[in-house]
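Treat the numbers as computed from the prediction; the structure is a model and nothing was measured.
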Amino acid sequence: MKKIIFAVMLMVPALLMAQESLKIGYINSQELITSMPEYETALKQLEDINLTYKTEGKKLQDELQKKYTEYLQSKDSLDSTIREYKETELQRLNQSIEEFTQNAEQNLQKKQQELITPIIEKANKAVKQVGDENSFTYIIDTNNGQVLPYVGAKAENVLPLVKKVLNLK
């Protein structure tokens, strides 16, 4: 029993020293990423692409509406073969608009990922650099959809350090 107590007594200082060397930092990654100029450039590109898709989609919708109105005005006087052809044409145009919309959404998501991924990678690299240079044991992201219930006084916000690495204000 004395040996166990002696062993525990020897371990207590080592455990206390291990706690002292634990260095935890935190960062709001969303704040970091949105402060990067590359992010603003990517957002502008995505907005421009989205506007182009919306403009083209509106043109297609207007064309469909025009043809539908023309069809309604003349359908009673049309031969059944011509009426069926025009109905089929309207259905094809409607289907084409749906396909365009789906493709536009997929292309926009793909472009978003293509533009944002390098920005996230750059931010992660800078966080890692700050962690290595400042001997952090952990750097916790406060913006991972989880709210940290407590950030202690000894925890350090590394956002200013990471911004310095990235030359951001």
Item checked: All salt bridge (Lys or Arg N to Asp or Glu O under 4.0 Å) counterparts of Lys66, not counting sequence neighbours -> none
Note to self: For residues 98-118, which residue pairs pass the salt bridge (Lys or Arg N to Asp or Glu O under 4.0 Å) check, not counting sequence neighbours?
What the structure shows: Lys111-Glu114
Margin query: Under the salt bridge (Lys or Arg N to Asp or Glu O under 4.0 Å) definition, can you give me all pairs with a residue in residues 115-126, not counting sequence neighbours?
Written below: Glu38-Lys122
Next item on the list: Mind checking side chain to side chain contact (heavy atoms under 4.5 Å, CB included) for Ser74 and listing every partner two or more places apart, or none if nothing turns up?
Entry: Ser77, Leu78
Next item on the list: Kindly state each residue pair satisfying salt bridge (Lys or Arg N to Asp or Glu O under 4.0 Å) with at least one member in residues 74-87, sequence neighbours excluded.
Entry: none
Note to self: Taking the side chain as everything from C-beta on, heavy atoms only, tell me whether Gln73 gets closer than 4.5 Å to Thr69.
What the structure shows: yes
Next item on the list: Could I get the full list of side chain to side chain contact (heavy atoms under 4.5 Å, CB included) partners for Lys169, not counting sequence neighbours?
Entry: none
Next item on the list: Sequence neighbours left out, what passes side-chain hydrogen bond (donor to acceptor under 3.5 Å, both in side chains) with Asp48? Give chain and number order.
Entry: Lys44
Item checked: Qualifying residues under side chain to side chain contact (heavy atoms under 4.5 Å, CB included), relative to Glu31, sequence neighbours excluded -> Asn28, Leu159, Lys163
Note to self: If the condition is side chain to side chain contact (heavy atoms under 4.5 Å, CB included), which residues does Glu63 pass it with, not counting sequence neighbours?
What the structure shows: Leu60, Lys67, Leu93
Note to self: For Glu40, give me all partners under salt bridge (Lys or Arg N to Asp or Glu O under 4.0 Å), at least two apart in sequence or on another chain.
What the structure shows: none
For residues 128-135, run the donor-acceptor check on the side chains, cut-off 3.5 Å, and write out each pair with its distance to 0.1 Å, sequence neighbours left out.
unit_1 : atom_1 : unit_2 : atom_2 : d
Lys128 : NZ     : Asp132 : OD2    : 2.9
Gln129 : NE2    : Glu133 : OE2    : 2.9
Asn134 : ND2    : Val130 : O      : 2.9

Next item on the list: Spell out, yes or no, whether Leu161 and Tyr138 are grouped together once hydrophobic residues are joined by side-chain heavy atoms under 4.5 Å, including indirect joins.
Entry: no
Check: Can you list the residues that meet the salt bridge (Lys or Arg N to Asp or Glu O under 4.0 Å) rule with Glu70, with sequence neighbours excluded?
Finding: none
Notebook entry, point to check: Heavy-atom distance under 4.5 Å between the side chains of Ser29 and Asn124, does that happen here?
Noted result: no
